[in-house]
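Input: a single structure, listed below in structure tokens.
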Amino acid sequence: MKKVWMVLLAVLGLAGLALAQTTVRVGVLLPISTVAGKAALNGVQLGVDQVNAGGKVKIELVVVDDGNAPATAVPALTKLMTVDRVDIVIGGLASGVTFALSGPVKQYQPLFLCIGAASSVVEQAFSDYGRFFHYHPWDYHNVAAALEFFKYLYDQGARRVAILYEDGPFGSAGIQTYRQQLERQGYTVQAEPFKSGSGNFTAILTRFKGFRPDILYWIGYDVDALPIAAQTRQVGLEPKLIYGAPPAWPTGFEKNNLSNDVAGMTAWLPSVANNESRRFVNLYRRKFGEVTDEYMAPMGYVIALSLGKALEAAGSTDKDRIAAELAKVQMETPFGPLSFKPSDTGRTRFQGFNQNIWLQFQYLEGSRRPVFPASRAARPLRFPGNY
Amino acid sequence: MELLLQTIINGILAAGIYALVASGLALAVGVVGIVNFAHGEFTMIGAFIAYLLFVSTGLDPFLSLGLAALVLFMVGAITYLGLIRPVLAAPELNQMLLTFGLSVALQNIALLVFGADTRVVSTSYQGATLALGGLSFGVPPLLAFALSVVILGALYGFLDRTRLGLAVRAVAQNRLAPGLLGIETQRVYLLAFGLSAALAGVAGVMLSVMLYASPTVGFAYTLKAFAIIVMAGLGNLRGVVPAAITLAMAEALVSTYVPGGGGWVEAVFFLVIFVTLTWRSWRAA
């Protein structure tokens with residue numbers, strides 16, 4: 001009889017635990033056919049595994065592809081909200097897509113945890129939406145971090161910057177600000193637009209030869225990386241540094257000799273030396289059998305972990321209670337400490353990271369190595385680089 | 001003066017690959033009478049063949065030219081037999097919608113299989129340059145140009161000096177008369193469409209070295225190819241090379257001498273189509 005009571009108690013205990021466990025369905029809206037989107041999804045799944053393993057809360061993911069296009073993303077969000085009936089959405093990687101989502105998000109009112117979307121146009125679009133948590137730095141944070149690097153390069157003797165910028169919203173939106181800021185630092189600047197994906201830069205690069213730039217700074221997309229690196233050599237431009245600012249780098253670029261000494265900016269690399277970063281790398285390797293260079297992976301991981309903390313503290317599936325707890329979250333992450341504050345412009349209420357997470361890297365012999373700021377550098381910057 | 005010479009060289013080198021893509025399109029339009037919107041996707045398949053061979057075996061992309069041409073010839077032949085032949089007698093709008101649909105389908109299949117990412121190969125000569133005085137010649141565009149000259153030379157030789165080539169030209173000029181003379185027009189169509197795809201595939205291999213492989217790599221070049229065949233006169237194979245040189249030269253000059261010209265380059269081909277069509281209609285009036 002005693003055994004029966006014990007079994008009964010154990011069953012009731014387990015049932016009670018299951019009832020006490022807060023379970024929430026979360027929509028994930030990412031461009032999963034891209035390297036960055038896949039990495040972000042992996043990071044989210046890894047974070048969710050950690051949260052669920054804790055046993056106090058349970059997150060179930062409903063994953064949909066935003067196709068990296070507004071025309072796909074808006075119906076995908078509508079499906080998440082009306083068919084899957086989620087209250088929380090993790091997504092918003094590309095700025096253009098996220099901007100297009102601003103209307104439907106305000107219509108359906110989910111708790112929106114934004115993983116990317118650096119454009120301040122997006123900041124403006126979500127300025128009157130109180131359930132918007134933006135983890136990624138804004139574009140003015142990116143500019144501040146890049147300018148810090150250029151200040152360092154000026155101290156190293158660089159004086160002339162040739163800027164190649166793609167003529168779409170991504171490349172041309174902040175170009176005047178960039179130009180003014182660089183000139184304020186003492187640089188002489190020559191800037192030229194180009195059509196991303198055209199693959200033909202020889203004419204512009206030939207024209208740059210007369211300017212003899214110390215730094216060739218290009219703002220474009222992954223499709224432009226190899227043609228620029230190759231044609232810079234082909235026309236004999238010989239800058240001291242090629243510095244690129246694409247949202248993602250092409251697959252296999254690190255294995256190409258032309259990538260050697262090319263520099264760029266990222267928020268994270270596996271070689272970043274902090275405990276959370278090392279922990280993330282180990283977990284990621286264990287789950288996926290590889291290490292990723294994509295900073296969107298730890299970004300997704302951080303979002304899932306912070307959501308788990310908020311859920312645990314809220315003890316409820318009510319999105320406003322979860323949002324209130326998320327606003328109070330303070331945690332160490334692979335990028336450094338995370339807490340939410342109003343954005344620098346005051347337009348949005350919950351901004352996670354700022355310019356402090358950015359680091360400058362340089363390709364060398366098949367991998368990206370942090371080179372700036374000095375506090376996070378794994379090796380010194382090769383300046384002048386050998387192009 | 002040096003800048004002008006360098007600009008002219010840049011234009012001529014770019015013209016090689018333009019001519020290669022446009023010649024394939026001109027074959028499809030001129031001989032088969034099909035405006036093939038999927039031509040850029042055939043180019044994309046060529047680029048991915050080179051990329052996959054490079055990644056799996058380390059084969060230099062230029063060494064995969066033959067295989068890519070063969071595979072694309074077969075892809076073109078199968079496309080012709082399965083999709084194009086049944087609509088040859090259909091209204092032109094239906095034909096165009098069919099090839100447009102094929103283009104979207106192939107691009108989306110590539111997206112599903114390879115994802116949207118840009119993939120690059122790595123060769124020792126991608127950044128190599130030949131210097132002549134103050135002028136520089138990038139090795140990959142020079143190689144692509146030389147190969148284009150050889151391939152187009154062989155194509156014109158085939159069209160001018162072989163019975164089959166003459167049959168292709170005859171069909172391009174008149175669709176009914178060659179049939180009355182015993183030429184099997186269906187076989188000629190099959191050959192022409194296969195060759196068209198093969199040329200696109202070869203161009204794709206070159207693009208994998210000079211640019212990248214991605215589901216959308218062929219799009220920009222197809223647009224330019226349309227401008228070139230419009231300038232040459234639809235179906236006029238002989239006019240393709242001069243038209244390609246004109247377009248590439250115009251782009252190089254705009255890019256070099258117009259302030260902010262890099263952003264205007266892609267508008268050049270629209271201007272070319274607009275001016276050519278307007279001029280032709282004035283001349284005809």
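Each chain gets a letter, A, B and so on, in the order the sequences are listed, and its residues count up from 1.
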*asked:* At a 4.5 Å cut-off on heavy atoms, which part of B:V113 comes close to chain A: side chain, backbone, both, or neither?
replied: neither
*Hey, which of B:G11, B:G127, B:A213 has the most heavy atom pairs under 4.5 Å with chain A?*
B:G127
To see if you've got the definition right, give the donor-acceptor pairs under 3.5 angstrom between chain A and chain B.
unit_1, atom_1, unit_2, atom_2, d
A:S33, O, B:A116, N, 3.0
A:V35, N, B:D117, OD1, 2.8
A:V35, N, B:D117, OD2, 3.0
A:R207, NE, B:T256, O, 2.7
A:R207, NH2, B:S255, O, 2.7
A:D222, OD1, B:T118, OG1, 3.2
A:D222, OD2, B:T118, OG1, 3.1
A:R233, O, B:T129, OG1, 3.2
A:Q234, O, B:T129, OG1, 3.3
A:Q234, O, B:S136, OG, 3.1
A:Q234, NE2, B:Q126, O, 2.8
A:T251, N, B:T118, O, 2.8
A:T251, O, B:V120, N, 3.1
A:K255, O, B:S122, OG, 3.3
A:N256, ND2, B:V121, O, 2.8
A:N256, ND2, B:Q126, OE1, 2.7

*Which answer fits B:A128, side chain, backbone, both or neither, if we ask what part of it has an atom under 4.5 Å from a heavy atom of chain A?*
backbone
*What part of B:V121 lies closer than 4.5 angstrom to a heavy atom of chain A: side chain, backbone, both or neither?*
backbone
*Using a cut-off of 6.0 Å, state whether more than 12 heavy atoms not belonging to B:F219 lie near its atom CZ.*
no
_For B:L211, which atoms come within 4.5 Å of any heavy atom of chain A: side chain, backbone, both, or neither?_
both
*When you look at CZ of B:F274, are more than 12 heavy atoms from neighbouring residues, nucleotides or ligands closer to it than 6.0 Å?*
no
*Given a strict heavy-atom distance threshold of 4.5 Å, which part of B:A14 is in contact with chain A: side chain, backbone, both, or neither?*
side chain
*Looking at A:V223, A:L258, A:V235, which makes the most heavy-atom pairs under 4.5 Å with chain B?*
A:V223
